[in-house]
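Since the structure comes first, as structure tokens, the remarks are kept for the end.
None of the values given here were measured: they were computed from a predicted structure. Chain A is the first sequence line, chain B the second, and so forth, proteins listed ahead of strands; every chain is numbered from 1.
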Protein chains: 2
Amino acid sequence: MKELTARQKEILNFIHEYLHDNSYPPTVRETARAFSISVKGAYDHLKALERKGYIKTSEKRSRAIELVTPPESDMPVVQIPLLGEIAAGRPIFADENFERTVAIPADIITNRVPHFALHVKGDSMIGAGILSGDIAIIEQSETAKNGDIVVALLEETVTLKRFFIENNRYRLQAENPHYAPIYTQDLRILGKLRGIYRSY
Amino acid sequence: MKELTARQKEILNFIHEYLHDNSYPPTVRETARAFSISVKGAYDHLKALERKGYIKTSEKRSRAIELVTPPESDMPVVQIPLLGEIAAGRPIFADENFERTVAIPADIITNRVPHFALHVKGDSMIGAGILSGDIAIIEQSETAKNGDIVVALLEETVTLKRFFIENNRYRLQAENPHYAPIYTQDLRILGKLRGIYRSY
DNA sequence: CTGTATACTATACACGCGCATAGGAGCCCG
DNA sequence: CGGGCTCCTATGCGCGTGTATAGTATACAG
């Protein structure tokens with residue numbers, strides 16, 4: 001990939017920022033305006049970026065700028081499904097649960113057990129530093145040890161809680177004093193918490 | 001989020017597919033053509049999707065469709081350096097600081113601004129759900145806005161704190177009632193917190 | 001010195017574009 | 001039965017848009 005000039009780097013940077021802010025690419029004129037240059041000036045820069053392989057454009061289409069993501073790196077990465085609402089009585093990996101996939105560093109998945117991800121809702125685990133909106137990476141498992149944080153299916157709901165086995169019942173413990181522990185004899189463990197990811 | 005009709009789901013699906021293929025959103029007319037309906041027909045569908053909260057549009061701009069929950073099925077990953085002890089008065093990226101690299105989802109790195117990662121030490125930010133041992137992903141930056149969580153260099157130490165500008169001093173605020181805010185006029189911001197990653 | 005690249009200005013064309021108005025047909029709910 | 005939603009057609013306005021032509025200035029390599 002050919003070297004970019006300082007100006008061209010600025011333009012490419014602008015496209016990145018614009019895409020981050022708007023999630024669609026800028027027009028030629030918006031690019032021109034951002035740098036207070038003429039339309040053709042910006043147009044030529046875009047063509048230069050395309051010639052050097054940093055972007056792709058489509059003829060005669062507005063905002064038709066595609067970033068050619070440089071191969072960057074081929075890290076060991078695993079794609080795991082991010083599940084939305086999990087309904088009781090249905091397989092976890094049913095299509096209806098599927099929201100999208102997330103990439104996670106492969107090194108946290110030690111064994112070959114399937115993993116999935118969940119959006120955390122609510123503040124019941126703030127004591128463990130898990131906030132609403134965090135993405136929880138879960139190792140699928142039917143069992144857990146005392147004190148593990150697990151995803152458990154409880155009648156109609158799915159919760160993330162700390163898990164304990166007591167005499168003849170299970171205890172699901174929130175990490176928030178405002179939530180009382182849940183005692184039950186009937187629960188299904190869906191998996192164990194392996195990681196937390198949060199984006200600011 | 002309100003329920004979509006079957007037709008509206010088709011339209012939303014088309015936008016997803018189009019974005020996956022082109023990495024920029026379709027125009028109203030392209031949407032109309034894809035379903036062999038009139039322009040206004042497609043336009044009304046888009047407005048319905050916006051009304052129900054599934055997309056966002058900007059007035060009078062071509063292709064200005066933003067997905068409210070983006071699909072992004074193949075999230076690329078980049079490698080950033082994980083820094084250990086940062087010494088005052090030395091460049092951040094000096095070899096002696098380098099611990100290893102970590103892979104993080106590339107979509108949190110918007111522009112070409114360098115990022116790095118740090119091991120969080122101590123419990124001063126537990127109120128923000130940041131625990132000792134977490135990996136903090138930092139966007140390198142010399143400046144920050146009020147309320148940002150920043151990595152700041154303070155005489156001999158590096159800390160992660162919430163940052164505020166006051167009359168003629170800076171305030172570094174922990175998210176833990178046991179820690180008093182730090183007031184100073186002399187500080188250097190190393191970067192802004194962009195993500196948190198924790199492994200169990 | 002000449003050719004090629006960058007980095008612009010200014011003006012223009014034709015078509016794509018978002019959006020509006022004015023309809024019509026089918027549906028379900030109170 | 002009427003009112004409101006969905007889903008559609010057809011036509012049009014006017015501006016935004018990609019793209020072209022022509023020209024200027026500067027830098028650098030052969």
Side-chain angles (χ1 to χ4, degrees), chain A residues 1-68 70, chain B residues 1-68 70 111-112:
Chain A
M1 198 124 65
K2 276 181 83 176
E3 273 289 306
L4 292 183
T5 66
R7 195 56 160 164
Q8 286 164 1
K9 271 181 201 158
E10 284 185 68
I11 305 275
L12 186 59
N13 231 24
F14 166 74
I15 301 172
H16 274 96
E17 276 167 35
Y18 190 102
L19 259 166
H20 180 255
D21 293 345
N22 302 284
S23 85
Y24 49 83
T27 64
V28 177
R29 274 173 179 77
E30 282 166 352
T31 310
R33 241 175 282 136
F35 291 89
S36 302
I37 59 172
S38 70
V39 178
K40 188 61 179 4
Y43 181 76
D44 287 346
H45 279 305
L46 295 177
K47 287 296 156 195
L49 286 173
E50 178 163 35
R51 204 173 351 101
K52 295 188 178 178
Y54 288 79
I55 61 172
K56 266 176 63 182
T57 67
S58 313
E59 279 194 356
K60 295 193 180 283
R61 307 179 132 199
S62 61
R63 302 181 190 277
I65 300 172
E66 292 179 64
L67 292 172
V68 177
Chain B
M1 197 123 68
K2 275 182 83 175
E3 274 290 306
L4 293 183
T5 66
R7 194 58 160 165
Q8 285 164 0
K9 270 182 200 157
E10 284 185 67
I11 306 274
L12 186 59
N13 233 14
F14 165 75
I15 301 172
H16 275 95
E17 277 166 35
Y18 190 103
L19 258 167
H20 184 260
D21 293 346
N22 302 285
S23 85
Y24 49 84
T27 64
V28 177
R29 274 173 178 77
E30 282 165 353
T31 310
R33 242 175 278 137
F35 290 88
S36 302
I37 60 172
S38 70
V39 178
K40 190 59 177 8
Y43 181 77
D44 287 347
H45 279 306
L46 294 177
K47 286 297 154 194
L49 286 173
E50 179 164 35
R51 207 177 342 107
K52 295 188 178 179
Y54 287 80
I55 60 172
K56 265 176 63 185
T57 66
S58 313
E59 280 193 355
K60 293 190 183 283
R61 308 179 132 197
S62 62
R63 302 182 192 276
I65 300 173
E66 292 179 65
L67 293 172
V68 171
N111 35 27
R112 292 280 160 82

message = Please determine whether side chain to side chain contact (heavy atoms under 4.5 Å, CB included) holds for the pair B:Q8 and B:L49, giving the CA-CA distance in whole Å, both sets of side-chain angles, and the decisive distance to 0.1 Å.
response = CA-CA 7 Å; B:Q8 285 164 0; B:L49 286 173; 4.2 Å; yes
request  = Decide yes or no on side chain to side chain contact (heavy atoms under 4.5 Å, CB included) for B:F35 and B:R7, but give the supporting numbers first.
outcome  = CA-CA 10 Å; B:F35 290 88; B:R7 194 58 160 165; 3.6 Å; yes
request  = Step by step, work out the side chain to side chain contact (heavy atoms under 4.5 Å, CB included) result for A:K52 and A:L4.
outcome  = CA-CA 8 Å; A:K52 295 188 178 178; A:L4 292 183; 3.6 Å; yes
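Within the structure, salt bridge (charged side-chain N to carboxylate O under 4.0 Å, His left out) contacts touching residues 30-44 of chain B (residues at least two apart or in different chains) are A:R61-B:E30, B:E30-B:R63, B:K40-B:D44.
A:Y24 has its side chain out of reach of B:I65: every pair of non-hydrogen atoms, C-beta onward, lies at least 4.5 Å apart. At least one side-chain heavy atom of B:H16 sits less than 4.5 Å from a side-chain heavy atom of B:L67. Residues B:S62 and B:P26 have side chains not in contact (no heavy-atom distance under 4.5 Å, counting atoms from C-beta outward).
In this structure, the CG atom of A:L4 is 10 Å from the P atom of C:dT6, given to the nearest Å. D:dC8 atom C1' lies 18 Å from atom NZ of B:K47, rounded to whole Å. To the nearest angstrom, C1' of C:dA5 lies 15 Å from CG of A:L49. Put simply, CG on A:L46 is 14 Å from P on C:dT6, counting in whole angstrom units. Across the protein-nucleic acid pair, B:F35 atom CZ and D:dC7 atom P stand 11 Å apart, rounded to whole Å.
Here the CD1 atom belonging to A:I11 is positioned 4.5 Å from the NE2 atom belonging to A:H45, to the nearest 0.5 angstrom.
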ask   = Which letter, B, S or -, goes with each nucleotide of nucleotides 24-30 of chain C from 5' to 3', with contact meaning a protein heavy atom under 4.0 Å?
value = -------
message = Base contacts versus sugar-phosphate-only contacts with protein, heavy atoms under 4.0 Å: please encode nucleotides 8-18 of chain C as B, S and - from 5' to 3'.
response = BBB-B----BB
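Remark on the helix from C:dC1-D:dG30 to C:dC28-D:dG3: inter-end axis angle 30°, axes from five-pair C1' superpositions, rounded to 10°.
Proximity of A:K52 to the phosphate of C:dT6: a side-chain N or O atom is located under 4.0 Å from OP1 or OP2.
Partners of B:T57 under the side chain to side chain donor-acceptor pair (under 3.5 Å) rule, at least two apart in sequence or in another chain, are B:K47, B:E50. When the side chain to side chain donor-acceptor pair (under 3.5 Å) test is applied to B:S38, no partner is found at least two apart in sequence or on another chain.
Looking only at atom types and distance, the side chain of A:T31 has no donor-acceptor partner in the side chain of A:Y43 under 3.5 Å away.
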